[in-house]
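Comments concern the structure below.
Residue numbers start from 1 in every chain, and the chains themselves are labelled A, B, ... in the order their sequence lines are given, proteins ahead of strands.
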Amino acid sequence: MIKWKHTKLALSIVAILTILSACSDNNDSTGADGGSGATVSISGSTSVGPLAEKLAAKYSETDNTNIEINQIGSSAGITNAISGVSEIGMSSRDLKEEEIASGLNEVVIAYDGIVVVTHPTNKVKDLTMEQVKQIFTGEVTNWSELGGDDMEIVVVSREDGSGSRDAFQEIVDYSSGELIRNAIIASGNGNIKTTVANNKHAVGFISFEYIDETISTIDINGVEANAANVLQEKYSLSRPFLFVYKEGQLTDAGQRFIDFILSEDGQLIAEEAGAIRVK
Amino acid sequence: MSIPTTNKQTVEIGKANKRKYMLEKLSSRIFLICALLSVITLLLIIGFVFYKGAHPFVAEGYSFINFIFGTDWVPSEDKFGIFPMIVASIFATIGALIIGVPIGLFTAIFLAEIASKRLAKIISPAIQLLAGIPSVLYGVFGLAIIVPFLQNTFGLVKGQSLIAVILVLAIMMLPTIVTVAETAIRAVPQTYREGSYALGVSQIGTIFKVIVPAAKSGIMTAIVLGLGRAIGETMAVILVAGNSLIVPTSLTDSVRPLTTNIALEMGYAFGTHQEMLFATGIVLFSFILILNFVLAKISAKGGN
């Protein structure tokens, strides 16, 4: 009885070892096959991150490359790309001059549109960028000043640290400190949409993909918020989703992943994920 | 023939005893490990929160006074002041007490003293069920019912407000208050009631002059436990508070209590911002510690 147990144990150990060694053999051989099985490290924006994850998941079905994605924010991702900690950085804002000066290349993988939304009953349908800024900084506090009914404006914003909020504030040109203090802070696009849809006083901002009939969208400077206008650079409340890398640091595997993203398949995935395709 | 049998029996009894003692020893070890586990967890949580939260003040030169009394919370501009949130937490808790304590106490008195057994059998489980509802559902209820109600009925420009938080918290603290207070009232000896009735005091007079004073420490415990529930509540509050960064001056202002601040921003925070959220946790923790201290005092008094 006892002997039999030992034999069983020995057998299973042998079996496990065989499987393990087979696995490592497998890895070695693919590693030797022209660089596939390599690791591409990507870090950066929490807005680009989810899209990059989807692209990486699809890409890994056909290619053996291991893609590691860390969502740590645009600035941190760009810093990592410069310092070489990550091969590719993700950014949801344009590069600053000193970042370009440090030898970074950028590839636009998609665009994201942000739209200002109000309650469907709100008469205000068109605002200038300056008016948007005045609303969110509290200079204008009544819809009547903007051609609407005489009622108070209730500003709804995302939480500090959110990529969408950063992008919105950067494009509209106000800082977190300038945001009107009694603004409602909602976590997530869906939460903003619900809040605005249930309050006729409210104004907020969401990504294009969240637009539906429960809220009313606002034209900026007379330009409607849609993908075509973003691509023609008419609609200004948009931002690029960037992959940045240092000249000469990009590996073959990294280049192939970027090529995949820019291909028809990759752009379709981007579109499904709610982003605006580059071409 | 009989002698070997007894020998065998004693041997077996000895064996059984040995096994019994082993089991006994083993069980007490397992109990000890379980007991230590919760203590260790507590120490780890305290250690971690304090280690992370104290870092900005110890190593990065931030002032703790500015942190507590600062009115600006703009993490992206390196401003960390949680005074509005401390005020919001205190106001929300006090408000919830003002509404929740009388309702809870009267419910407890009704269940223990006035209600027929049949009625109590219906109400009691309902209240206990109320305690089991996940807090996020209270938040959804608040967002779907209370917030629009405040907007439509009272014409508030935004229903996400201090009063919405107070209403949700008051409902949430009810089960705690009712259950604990009811137990305390039921524990008052029957002789007290009989004595009071014998002196010709009415039922209501007996309740307020005799029974409630006799159950005072239990009722105080109920209130403090309810308070703890209110001050620590997060998920329900985050949906109805509005989370604005202002020191509330009216019931209709939207507020951001301490818990909400942590939950709202932890997802995106890193570096100093994250540490400051842990520091917010320290302040919250201090509130809870004070409450527990008060609770211990009350219990000790009740014992005497």
Quick check: are there more than 12 heavy atoms from other residues, nucleotides or ligands sitting under 6.0 Å from CD of A/Glu98? yes
Check ion pair A/Arg181-B/Asp72 (N to O, under 4.0 angstrom): yes
Scored by heavy-atom pairs under 4.5 Å with chain A, the best of B/Ser254, B/Ser244, B/Pro148, B/Pro84 is B/Ser244
Is the closest side-chain heavy-atom distance between A/Val154 and B/Gln160 below 4.5 Å? no
Before giving the answer on side chain to side chain contact (heavy atoms under 4.5 Å, CB included), spell out for B/Val157 and A/Met151 the whole-Å C-alpha distance, their side-chain angles and the decisive distance to 0.1 Å. CA-CA 8 Å; B/Val157 288; A/Met151 57 183 188; over 6 Å; no
Check step by step if side chain to side chain contact (heavy atoms under 4.5 Å, CB included) holds for B/Val147 and A/Asn198. CA-CA 9 Å; B/Val147 166; A/Asn198 289 322; over 6 Å; no
Checking A/Arg165 against chain B: side chain, backbone, both or neither under 4.5 Å from a heavy atom? neither
For A/Leu179, which atoms come within 4.5 Å of any heavy atom of chain B: side chain, backbone, both, or neither? neither
Picking from A/Ser157, A/Ala202, A/Ser176, which has the most non-hydrogen pairs under 4.5 angstrom with chain B? A/Ser176
Within the 3.5 Å criterion, strictly below it, is a donor on B/Glu77 or A/Ser175 matched to an acceptor on the partner's side chain? yes
With a cut-off of 6.0 Å (strictly less than), are more than 12 heavy atoms of other residues, nucleotides or ligands near NZ of A/Lys123? no
Is it the side chain or the backbone of B/Thr71 that comes within 4.5 Å of chain A heavy atoms, both, or neither? backbone
Around A/Lys200, counting heavy atoms of other residues, nucleotides and ligands shown, do more than 12 lie under 6.0 Å from its NZ? no
Nearest 0.5 Å, what's the OG1-CG distance between A/Thr195 and B/Leu143? 6.5 Å
What part of B/Ser76 gets within 4.5 angstrom of chain A, counting heavy atoms only: side chain, backbone, both, or neither? both
Do you know which of B/Arg256, B/Gln151, B/Glu265 has the most heavy-atom pairs under 4.5 Å to chain A? B/Gln151
Where do B/Asn243 and A/Glu159 land on the side chain to side chain contact (heavy atoms under 4.5 Å, CB included) test, with the steps shown first? CA-CA 9 Å; B/Asn243 306 315; A/Glu159 65 276 33; over 6 Å; no
Which atoms of B/Asp253 are under 4.5 Å from chain A, going by heavy atoms: the side chain, the backbone, both sets, or neither? neither
Run the numbers on A/Asn191 and B/Leu239 for side chain to side chain contact (heavy atoms under 4.5 Å, CB included), then give the verdict. CA-CA 9 Å; A/Asn191 210 335; B/Leu239 290 171; 4.1 Å; yes
